[in-house]
Amino acid sequence: MNPYAHPFRFAVNMLSPGSAAEWREKCRRAEALGYDVILVPDHLGMPAPFPSLVAAAEATERPRLGTMVLNAGLWNPAMLAREAATTDQLTGGRLELGLGAGYVKAEHDRAGLPFGSPRERVDHLEHTVRELERLLGDPEHAPRPAQGPRPPLLLGGNGDRMLRLAARYADIAAFSGATTDDSGAIRPVSPAVLAERVARYQGFAADRPEPAELNILVQRVVVGDRRAAARELLAQAPGLTEDELLAHPVLLAGSVKDIADQVRAHRERFGFTYFTVLEPSMEAFAPVIEELGRAA
């Protein structure tokens, strides 16, 4: 597939919304910095995603708004279809719906919901996706989303079943470049493993009429010493070398120009055109967006 089928897009995943005034100001700041998408996660103990996105829409004009990603195990598909359609209406058709299978057992326990095996969680996600397609694709469904037949769908995952599901249904295929355990701990895989997973997805998606966007979740952006940044991340990446981390898209480090070159290199190697940074890196990455825009 052509890695240039989509232009670059840049998102920030907001992790600490704060008060209503603080949330509005952060969203305005993300828009002013040039981010294309404002994202929110879905974790118990954090603000609910859909009201947060509606508030973000009221504070901004341009950015798309999305979930990164909803834990399908916490949602009933019919209720989710209602929430998504309503949010798409209230945001003026700016919603991008991100879904995942869920990976933190403690959250399911707190909600009184079964966690299940990985297979069972993917089964539920697949059921949810199929139901969303059916419900939102029905012209009689009320409420109707502003975007038809449904908002763009992002699916995140690494296993073959998740990649097949993304290849069939997703407008955006999201990669974390990492594995997780039941506690939620994130462990980056090697760049070679990530490249194999992307290639596996591309194989499953070979018959798509239009290629999906490929998204990568960047864990850290450091404008400064690249080697020092890699050494700091090594503790969270057992089994990887410093050089492997420096070649990995979960870490972007160096000068602004260096990081812009890394973004281009990751597009060439992996096909990523949609980069998501975490809120703590929002300011650090903004000059890279400007640098890439100048060079476009």
Side-chain angles (χ1 to χ4, degrees), residues 6-72 74-75 79-100 102 107 132 136 143-148 150-156 170-172 174 176 213 215-219 221 273-290 292-293:
H6 298 279
F8 278 131
R9 287 205 303 161
F10 303 104
V12 56
N13 198 22
M14 299 294 201
L15 304 180
S16 54
S19 69
E22 290 168 338
W23 176 237
R24 289 193 295 269
E25 179 55 34
K26 281 199 285 192
C27 292
R28 292 189 189 107
R29 180 61 177 162
E31 181 173 32
L33 291 173
Y35 285 93
D36 301 292
V37 191
I38 294 170
L39 299 168
V40 294
D42 181 25
H43 292 293
L44 294 184
M46 298 180 70
F50 290 119
S52 299
L53 295 179
V54 172
E58 293 173 348
T60 61
E61 295 181 0
R62 180 185 54 81
R64 303 281 292 172
L65 307 159
T67 53
M68 191 69 177
V69 289
L70 295 182
N71 177 352
L74 302 181
W75 292 89
M79 301 300 287
L80 177 55
R82 182 186 70 172
E83 294 290 319
T86 302
T87 301
D88 198 42
Q89 282 286 352
L90 294 178
T91 61
R94 292 158 67 185
L95 178 65
E96 296 183 359
L97 187 62
L99 289 172
E107 292 188 348
L132 287 174
L136 296 180
R144 295 297 306 147
Q147 301 172 92
R150 57 157 174 75
L153 180 64
L154 176 150
L155 290 177
D171 304 286
I172 305 159
S176 66
E213 278 185 292
N215 172 276
I216 183 68
L217 179 61
V218 179
Q219 294 294 327
V221 179
T273 57
Y274 180 6
F275 289 75
T276 297
V277 302
L278 300 178
E279 182 183 341
S281 296
M282 181 173 77
E283 296 285 343
F285 189 71
V288 180
I289 298 175
E290 185 178 355
L292 288 163

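The structure displayed is predicted, hence computed values, not measured ones. One is the number of the first residue; the rest follow in order along the sequence.
- Atom NE2 of His43 is separated from atom CG of Asn71 by 8.0 Å, given to the nearest 0.5 angstrom.
- For the pair Glu213 (side chain) and Thr273 (backbone), a donor-acceptor distance under 3.5 Å is absent.
- Distance alone, capped at 3.5 Å, is enough to place a donor-acceptor pair between the Arg94 side chain and the Pro63 backbone.
- Between atom CG of residue Asn13 and atom CG of residue Leu39 there is a gap of 5.5 Å, rounded to the nearest 0.5 Å.
- Of the residues listed (Val54, Leu53, Asp88), the one engaging Leu65 in a side-chain contact (heavy atoms from CB on, under 4.5 Å) is Leu53, and it is the only one.
- Not one N or O on the side chain of Ser281 forms a donor-acceptor pair closer than 3.5 Å with the backbone of Ala284.
- The closest donor-acceptor contact from the side chain of Arg144 to the backbone of Thr86 lies at 3.5 Å or more, if one exists at all.
- Without hydrogens or angle criteria, Thr67 side chain to Leu97 main chain gives no donor-acceptor distance under 3.5 Å.
- Under the 30°/60° scheme for interplanar angles, the aromatic rings of Trp75 and Phe50 are found to stand perpendicular.
- Put simply, the side chain of Glu31 gets close to the backbone of Arg62: a donor and an acceptor are under 3.5 Å apart.
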Item to check | Candidate pair Met14 and Val12, rule side-chain contact (heavy atoms from CB on, under 4.5 Å), full reasoning | outcome: CA-CA 6 Å; Met14 299 294 201; Val12 56; 4.1 Å; yes
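- The closest donor-acceptor contact from the side chain of Arg64 to the backbone of Gly93 lies under 3.5 Å.
- Annotation: the span from Arg9 atom CZ to Thr276 atom OG1 amounts to 8.5 Å, rounded to 0.5 Å.
- Val277 is not listed as a side-chain neighbour of Phe10, based on a closest heavy-atom distance of 4.5 Å or more.
- For the pair Met68/Val37, no side-chain contact is recorded, criterion being any heavy-atom separation below 4.5 Å from C-beta on.
- Side-chain N or O atoms of Asp171 include one that pairs as donor or acceptor with a backbone N or O of Leu153 at under 3.5 Å.
- For the pair Pro143/Arg82, a side-chain contact is recorded, criterion being any heavy-atom separation below 4.5 Å from C-beta on.
- In this structure a side-chain-to-backbone donor-acceptor pair under 3.5 Å is missing from Gln147 to Pro152.
- With rounding to the nearest 0.5 Å, the separation of CD in Glu58 from SG in Cys27 is 10.5 Å.
- Counting only heavy atoms from C-beta outward, the side chains of Phe275 and Leu292 never approach each other to under 4.5 Å.
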